[in-house]
Amino acid sequence: MKISISNIFKGDKVIWMIFFFLCIISLIEVFSSSSTLTFNKTNYWGPILKHGGILLMGVALMVVVQNIDCKYFKIATIFLIIFSAVTLLWVLVAGQTTNGAQRWMSILGIQFQPSEIAKGTIVLAVAQILSAMQTEDGTEDKTFKYILYVACPLMLLIMFENLSTAVLIGVVVIGMMFYGRVSLRKVGRLIGLLTIMVIFFLTLILLLGKEEEPNVNDKNNLTEQVVTGNEDQKNENFVQKLFHRAGTWKGRIKKFVGGKEIPPEEFDLSVDSQVGYSNIAIASSDFLGKGPGNSEMRDLLPQAFSDFIYAIIIEELGLAGGIFVMFLYVFLLWRAGRIADRCANNFPAFLVMGLALLLVVQAMFNMMVAVGLAPVTGQPLPLISKGGTSTIINCIYIGAILSVSISAKRKKKNNMATAPATTD
């Protein structure tokens with residue numbers, strides 16, 4: 001078989017263009033915002049070479065996945081559900097702790113967050129349920145129940161260590177239900193029930209959570225994720241371990257909704273450095289920014305290369321750059337919708353919309369946090385923030401979208417030449 005550029009970069013060209021724009025921005029901004037890492041490690045090129053290598057690995061896996069017919073993704077669903085459930089349980093019992101969150105585990109020396117795999121697993125399972133339960137007038141009545149049976153247990157396992165990820169998945173599942181024509185009455189009831197549950201859960205956090213004392217000397221420890229053990233947790237019982245993040249959640253909620261606006265001259269940057277330096281980075285920018293590599297806040301802002309990279313993007317590329325990045329994700333969702341419309345069968349249409357929603361909703365969460373419209377969540381900016389397995393898994397999601405775009409285009413041609421499209 002002759003290998004050519006066209007054989008490698010197959011699928012929807014707009015998706016490829018959006019992906020490459022995101023990767024270019026990622027390389028530039030991660031290189032710029034990782035200066036603290038290069039100083040601490042006395043290795044100027046190390047962080048960006050590592051990040052570039054991870055992106056290349058992600059692209060390689062993306063090309064592999066795009067060449068897999070999307071019908072074969074169904075085969076992996078049950079195995080991924082079992083794997084996600086087992087690894088999420090393992091993380092709760094004996095996971096590795098990073099920056100106060102017990103979210104990590106290692107298999108054969110490869111460290112990853114099971115919640116990253118569980119997100120795609122839930123989308124895959126919901127897409128399969130929606131496609132199997134379609135009728136001419138919508139979905140069967142049992143669809144709603146089956147989705148909850150699959151999604152809720154995994155979301156609950158994620159919630160204790162990563163509440164924001166559980167909320168993100170909930171938003172995506174509800175969006176897929178709307179797109180999949182699940183009864184609006186049932187979806188409305190679900191939203192109402194979830195609202196009550198969230199209010200109840202937040203009340204428990206505010207009443208029972210022990211707010212952590214700020215450690216003003218620990219800012220540098222936030223600039224890189226280092227896996228460490230937590231000796232205090234070893235002396236806690238299982239229930240205490242489950243809710244050990246309540247203090248962190250309480251502090252973030254109170255900072256976001258409970259306080260009055262603090263004048264800049266009274267703001268304590270040693271206590272709330274993430275929000276403070278992020279606001280300074282954004283406020284000190286203009287429409288075109290200071291230029292790539294000219295950020296002044298990157299050495300002061302914790303997680304400048306990860307959770308708060310959008311603030312650095314606005315500081316260096318200005319409001320124009322921030323809007324451009326935001327619209328890249330909007331275009332990704334729009335293009336996924338166009339691909340879904342071309343699909344002859346239901347499963348690939350629901351899958352491509354679910355994966356696009358997953359990436360775009362997470363991106364919106366991250367950007368809202370950076371500009372102060374949401375409490376700090378710890379969600380990285382997909383395909384831009386410095387990451388490891390999360391970056392690779394996001395590339396796999398793009399590969400699955402490209403796989404659908406290839407098969408959808410081919411089926412459209414076949415249907416035009418033969419018979420009308422059918423649904424599975």
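Every heavy atom of this structure was used, including side-chain atoms; hydrogens, water molecules and symmetry mates were not.
The side-chain heavy atoms of Met62 and Ile396, taken from C-beta on, include no pair separated by under 4.5 Å. Residues Val14 and Ile18 are in side-chain contact: their nearest non-hydrogen atoms beyond the backbone lie under 4.5 Å apart. Using a 4.5 Å cut-off on side-chain heavy atoms (C-beta onward), Ser26 and Leu55 make contact. In this structure, the side chains of Ile15 and Ile339 come closer than 4.5 Å at one or more pairs of heavy atoms. Using a 4.5 Å cut-off on side-chain heavy atoms (C-beta onward), Tyr310 and Val371 make contact. Taking 4.5 Å as the limit, some side-chain heavy atom of Tyr329 sits within range of a side-chain heavy atom of Leu22. Pro348 is not listed as a side-chain neighbour of Lys71, based on a closest heavy-atom distance of 4.5 Å or more. For the pair Thr139 and Ser183, the minimum side-chain heavy-atom distance is 4.5 Å or more.
Of all non-hydrogen atoms in Val65 and Ala400, the two that sit nearest each other are CG1-N, 3.5 Å. Here the shortest heavy-atom pairing between Gly318 and Ser285 reads CA-OG, 3.3 Å. A pairwise comparison of heavy atoms in Ile282 and Ala370 identifies CD1-O, 3.2 Å as the closest pair. In terms of heavy-atom proximity, Ala166 sits nearest to Ile158 at N-CG2, 4.0 Å. The minimum heavy-atom distance between Ala336 and Val352, with the atom names listed, is O-CG1, 3.8 Å. Taking every heavy atom of both residues into account, Ser407 and Cys70 meet most closely at OG-SG, 3.6 Å.
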Could you walk me through whether Ile398 and Asn394 pass the side chain to side chain contact (heavy atoms under 4.5 Å, CB included) check? CA-CA 6 Å; Ile398 296 292; Asn394 287 332; 5.9 Å; no

Between Asn67 and Ser403, does a side chain to side chain contact (heavy atoms under 4.5 Å, CB included) hold up when you go through it step by step? CA-CA 6 Å; Asn67 286 285; Ser403 171; over 6 Å; no

Go through the steps to decide whether Arg298 and Glu315 satisfy the test side chain to side chain contact (heavy atoms under 4.5 Å, CB included), and finish with yes or no. CA-CA 10 Å; Arg298 62 190 175 191; Glu315 184 185 11; 5.8 Å; no

Ile117 and Ile393: CA distance, side-chain angles, deciding distance, side chain to side chain contact (heavy atoms under 4.5 Å, CB included) verdict: CA-CA 7 Å; Ile117 298 175; Ile393 291 172; 3.7 Å; yes

Is there a side chain to side chain donor-acceptor pair (under 3.5 Å) between Glu316 and Ser32? Walk through the geometry before answering. CA-CA 9 Å; Glu316 294 190 348; Ser32 174; 2.4 Å; yes

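You'll find the ring centres of Phe347 and Phe73 outside the 6.0 Å limit.
Between Leu154 atom CG and Leu89 atom CG the span is 9.5 Å, to the nearest 0.5 Å. Note: Phe144 CZ to Leu130 CG = 12.0 Å, rounded to the nearest 0.5 Å. In this structure, CD1 in Ile147 is found 13.5 Å from NZ in Lys142, a value given to the nearest 0.5 Å. Within the model, atoms OG of Ser306 and NZ of Lys386 stand 8.5 Å from one another, a figure rounded to the nearest 0.5 Å. Here CZ of Arg335 is found 14.5 Å from CG of Leu328. Values are rounded to the nearest 0.5 Å. Atom CG of Leu402 and atom SG of Cys395 lie 10.5 Å apart (nearest 0.5 Å).
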Extract all donor-acceptor atom pairs below 3.5 Å that involve side chains of residues 353-364 and protein atoms in other chains or at least two apart in sequence.
from	atom 1	to	atom 2	distance (Å)
Gln362	OE1	Lys119	NZ	2.8
Gln362	NE2	Pro380	O	3.0

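Checked by atom type, the side-chain pair Thr135/Glu140 shows no donor-acceptor distance below 3.5 Å.
For Phe83, the ring-ring contact (aromatic ring centres under 6.0 Å, His included) criterion is met by no residue, not counting sequence neighbours. For Glu29, there are no salt bridge (charged side-chain N to carboxylate O under 4.0 Å, His left out) partners at least two apart in sequence or on another chain. For Gln379, the side-chain hydrogen bond (donor to acceptor under 3.5 Å, both in side chains) partners at least two apart in sequence or on another chain are Ser164, Thr165.
Residue pairs meeting the side-chain hydrogen bond (donor to acceptor under 3.5 Å, both in side chains) criterion with at least one member in residues 76-87, sequence neighbours excluded: Thr77-Gln128, Ser84-Thr121. For residues 177-198, the pairs satisfying ring-ring contact (aromatic ring centres under 6.0 Å, His included) are Tyr179-Phe350, with sequence neighbours left out.
Judged by distance alone, with hydrogens and angles left aside, the side-chain atoms of Gln134 form a donor-acceptor pair with the main-chain N or O of Gly180 at under 3.5 Å. Although no hydrogens or angles enter the test, the distance criterion places no donor-acceptor pair under 3.5 Å between the side chain of Asn366 and the main chain of Pro382.
The aromatic rings of Phe327 and Phe331 lie tilted to each other, with the angle between the two planes from 30° to 60°. Using the six-membered ring where Trp is involved, Phe20 and Trp16 have ring planes that are parallel, under 30° apart on the 30 and 60° scheme.
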